[in-house]
Engineer: 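So that we are looking at the same thing, I have put the structure below in structure tokens.
Predicted model, so just to flag it, every value in this text is computed and none were measured. Both counts, for ligands and for their atoms, begin at 1 and track the order of listing.
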Amino acid sequence: MNILIKNVLTVLPESVETCSVYVSNGKIASIQNDGESQAIPENFKAGKIIDGTGKLLIPGLINAHTHAPMTLLRNCADDLLFDDWLFGKIMPLEEKLTGEDCYWATMFAMIEMISTGTTSFIDMYYFIDDMARAVSETGMRAVLSRGLSSDSDDPSYGETRLREALSAIETWKGHSHIDFMLAPHAPYTCDPGYLSEVALEAKHRKLGLNTHLSEGPVETVTIRERYDCTPTEMYENAGILKDTTLVAHCVQVTDNDIDILAKHGVHIITNPVSNLKLANGIAPVQKMLKAGINVALGTDGAASNNTLNMFRELGLLALIHKGVNRDALAITASEAFTIATKNGAKAMRRSDLGEIKTGNTADLVLLDLNRPNMQPTNNPFSSLAYSANGSEVETVIVGGRILMENREFQTIDVDKVYFEVSKICERIGTR
Ligand code: NI
């Protein structure tokens with residue numbers, strides 16, 4: 001369906017202007033603004049006309065690191081130290097989950113993500129086949145990856161998980177809005193030999209890698225004891241640092257680690273809320289950006305955040321680095337917005353996402369500016385980073401398809417999802 005969004009304040013790559021945006025065949029076909037008019041597509045007949053008066057149009061936010069099904073574990077394991085949280089509470093609950101649970105949990109996560117303006121997410125979890133089914137039905141955009149580890153007495157453990165991942169990837173190959181990566185979980189759950197094997201498989205299949213790195217202080221000590229190096233050096237030695245590799249967190253990295261990550265063109269995904277809540281610290285994002293690293297933004301899972309709301313994440317990103325560096329320019333509002341959109345697209349290796357420009361894929365979000373926290377609209381980037389809380393999101397379009405219109409979901413039965421999620425939580429015992 002062709003969509004025309006008329007007279008809308010639009011965040012363009014270099015400016016914010018009132019425009020009319022034409023969407024055709026899933027792409028942004030034309031943008032007309034006051035100054036320079038682009039051609040209206042020939043034979044353009046709008047199937048839907050949206051009046052953008054009093055609204056702000058932004059490229060969809062990209063949640064570049066999350067674990068969608070962990071929404072089931074929201075608010076059930078809080079105020080704990082990282083190791084107590086992960087090994088004591090989260091992993092025992094996760095052992096009870098089935099593929100069907102992950103289908104419903106992914107649906108549940110997408111309700112929250114769409115309603116707060118996220119159009120794409122990069123995920124690492126289990127049962128990615130069931131997750132892909134949910135993403136496919138919903139119409140959201142996702143990069144899925146099955147968490148891999150070799151941390152078991154069973155020598156075939158890592159191999160089995162890798163085969164599971166490859167089987168799901170084969171099933172969903174060529175899907176219009178689902179991509180895949182391989183996801184070795186972390187330096188402390190994967191041995192170097194296994195990491196090298198996964199890296200080879202990724203190279204062979206032209207897949208990116210999605211992993212955690214230097215999240216907490218215990219990891220630094222563990223890796224030093226095991227290999228006498230930093231987690232980043234261990235990853236470099238295992239050959240998994242590449243320009244198609246995504247590393248989440250990097251809170252505990254040294255200056256030398258940052259140089260190594262920059263040298264290999266690795267993408268870092270920063271997760272400020274999760275790092276604060278699990279008391280892991282604050283990643284040196286300013287240093288990463290200065291080193292030329294592509295830094296994108298993620299919420300991490302809802303068990304350590306406890307939302308998947310990218311507006312809270314980008315607001316905090318813009319704030320905490322000012323505080324710790326005592327530098328009001330550390331990360332500006334517009335830089336934080338770029339990190340949450342264009343840099344996420346780079347991490348996805350998608351040059352057609354993350355910006356509103358002609359020819360790009362139409363992943364678009366409309367926000368209501370007629371809210372007390374959004375008035376007056378003096379600087380739209382300040383509105384987005386410092387004032388918005390996500391509740392302003394009204395309409396969400398992914399690949400030219402409307403997934404939420406005036407806060408009404410078009411592709412998800414919300415009540416049914418809440419009902420199923422409640423049953424799962426009761427069964428696995430999250431309360
Ligand atoms: Ni994570």
Engineer: Going by the rule ring-ring contact (aromatic ring centres under 6.0 Å, His included), which residues pair with Phe337 if we only count those two or more places apart in sequence or in a different chain?
Structural biologist: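 For Phe337 the ring-ring contact (aromatic ring centres under 6.0 Å, His included) partners, ignoring immediate neighbours, are Phe381.
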
Engineer: Less than 4.0 angstrom from a charged side-chain N to a carboxylate O is my criterion; do Glu112 and Arg74 meet it?
Structural biologist: yes

Engineer: Taking only Lys NZ, Arg NE, NH1 and NH2, and the carboxylate oxygens of Asp or Glu, determine whether Arg163 and Glu170 approach each other closer than 4.0 Å.
Structural biologist: no

Engineer: How many angstroms lie between atom CZ of Phe82 and atom CD of Glu219, to the nearest 0.5 angstrom?
Structural biologist: 7.5 Å

Engineer: Does anything in residues 391-404 pair up under side-chain hydrogen bond (donor to acceptor under 3.5 Å, both in side chains), and if so which pairs, sequence neighbours excluded?
Structural biologist: Lys55-Glu394, Arg371-Ser391, Asn373-Glu392, Asn389-Ser391

Engineer: Less than 2.8 Å away from the Ni ion (ligand 1), how many protein N/O/S atoms can be counted, ignoring water?
Structural biologist: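 Protein N, O or S neighbours of the Ni ion (ligand 1) under 2.8 Å, waters not counted, come to 4.
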
Engineer: Which donor-acceptor pairs under 3.5 Å do the side chains of residues 238-248 make with protein atoms, sequence neighbours left out?
Structural biologist:
residue : atom : partner : partner atom : Å
Thr245  : OG1  : Ile240  : O            : 2.8
Thr245  : OG1  : Lys242  : N            : 3.2

